[in-house]
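Below is one structure, written out as structure tokens; comments come after it.
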Amino acid sequence: MGRIHLLFKKEEIDEEKMKNNVAVVFDVLLATSTITAGLHFGAKEVIPVHQGEEALKVAEGREQDSFLLVGEYKGKTLDGFHAPQPLPLKDEVRGKSIILSTTNGTVAVRKASNANQVYICSLLNGRAVAERILEKHREKTIILICSGTDGAFCIEDFYGAGYLLDCLSEGGQQVWELTDAAQAALLFYQGNRHRSEEILQKSTVGQRILGRGSETELSFVAQCGLLSIIPYFDGRSIQVS
């Protein structure tokens with residue numbers, strides 16, 4: 001029987017303990033949703049970086065029309081970068097590499113890179129990721145990583161992890177041993193199963209997004225199971241499995 005742990009924020013990641021395990025990273029608002037949607041819209045790959053300076057270095061020497069710089073720091077779009085929101089990127093990304101810098105999600109992905117496999121998960125693709133885990137990793141230890149924001153817990157990542165856990169538990173089979181943190185996420189999701197958009201709207205980050213007038217963006221990423229994309233990080237870039 002596999003075991004599932006949950007980390008409440010990226011700062012809890014122990015890079016040594018990632019080894020030999022499977023990591024699933026959540027940054028529902030918005031990095032992992034943007035990555036998933038961007039790949040669905042036809043991006044070649046997503047290259048996660050720690051900050052804008054690293055993004056510019058990665059872009060050096062590349063043909064101008066072969067990539068997009070996408071990034072934010074503490075919620076503000078970086079100068080000269082596209083905003084890391086899925087829908088505005090829809091018509092821009094086909095065939096291109098997205099070089100992505102975010103305050104939380106891309107940092108969490110990079111910190112999880114010692115894991116045997118690192119999946120990128122959001123509400124949009126939680127069901128698809130769950131199906132892959134059931135298919136490939138039933139006997140493994142799975143570490144669910146909620147990226148959080150500015151070192152704090154995020155309710156939307158916790159809800160996203162609960163959705164994945166709910167998908168894993170469908171059919172009633174006792175396949176997994178859950179830690180208390182993972183069990184709490186599952187119960188939270190199950191008690192709020194049809195309230196995804198409301199949960200996102202009430203979150204701290206969701207309030208910021210609504211304050212920018214991006215209600216459509218929030219409604220889009222609140223859709224559970226919309227996409228079948230399964231992104232994974234190979235240590236250099238995020239691609240579709």
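From a predicted model like this one, the values you see are computed outputs, not experimental measurements. Only heavy atoms go into these numbers, but all of them, side chains included; no hydrogens, no water, no symmetry mates.
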Please table the atom pairs, donor to acceptor, closer than 3.5 Å between any side-chain atom in residues 233-241 and protein atoms at least two apart or in another chain.
unit_1: D234; atom_1: OD1; unit_2: R236; atom_2: N; d: 2.8
unit_1: D234; atom_1: OD1; unit_2: S237; atom_2: N; d: 2.8
unit_1: D234; atom_1: OD2; unit_2: Q239; atom_2: NE2; d: 3.4
unit_1: R236; atom_1: NH2; unit_2: E45; atom_2: OE1; d: 2.4
unit_1: R236; atom_1: NH2; unit_2: E45; atom_2: OE2; d: 3.3
unit_1: S237; atom_1: OG; unit_2: E45; atom_2: OE1; d: 3.0
unit_1: S237; atom_1: OG; unit_2: Q239; atom_2: NE2; d: 3.1
unit_1: S241; atom_1: OG; unit_2: R132; atom_2: NH1; d: 2.3

Starting from V93, can I reach I47 by hopping between I/L/V/M/F/W/Y residues whose side chains sit under 4.5 Å apart?
no
Flag, side chain of [X] to backbone of [Y], donor-acceptor distance under 3.5 Å:
X    : Y    : answer
T36  : S33  : no
E12  : F8   : yes
E54  : H50  : yes
R138 : L134 : yes
T102 : G105 : yes

Between [X] and [Y], what is the shortest heavy-atom contact and its length?
X    : Y    : answer
V25  : A112 : CG2-CB, 4.3 Å
A182 : L165 : O-CD1, 3.2 Å
I120 : N125 : O-ND2, 3.1 Å

Side chains of E72 and S101 only: does a donor on one sit below 3.5 Å from an acceptor on the other?
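Side-chain D/A pair, E72 to S101: absent.
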K10-N104 side chain donor-acceptor pair, cut-off 3.5 Å:
yes
What do the steps show when you test N114 against E16 for side-chain hydrogen bond (donor to acceptor under 3.5 Å, both in side chains), and what is the final call?
CA-CA 7 Å; N114 282 342; E16 275 298 307; 4.9 Å; no
So if I apply the side chain to side chain contact (heavy atoms under 4.5 Å, CB included) rule between I35 and each of I98, L124, L100, which one comes out positive?
L100
Using 4.0 Å as the upper bound for N to carboxylate O, is an ion pair formed by D157 and K9?
no
So does K57 pair up with E53, basic N to acidic O under 4.0 Å?
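Here K57 does not pair with E53 in a salt bridge, since their nearest N and O are not under 4.0 Å apart.
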Mutual orientation of the aromatic rings belonging to Y159 and F188 [parallel < 30°, tilted 30-60°, perpendicular > 60°]
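Correct class here is perpendicular.
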Using 0.5 Å steps for rounding, measure from the CD1 atom of I199 to the CD1 atom of I155.
5.0 Å
Tell me, yes or no, whether the heavy-atom count around E135 atom CD, taken from other residues, nucleotides or ligands under 6.0 Å, exceeds 12.
yes
Would you indicate whether F153, at its atom CZ, is surrounded by more than 12 heavy atoms from other residues, nucleotides or ligands within a distance under 6.0 Å?
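Yes - once you tally the heavy atoms of other residues, nucleotides and ligands closer than 6.0 Å, there are more than 12.
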Return the set of residues passing salt bridge (charged side-chain N to carboxylate O under 4.0 Å, His left out) with R94 (not counting sequence neighbours), or none when no residue passes.
none
Validation row: R110, V107 side chains within 4.5 angstrom (heavy atoms)
no
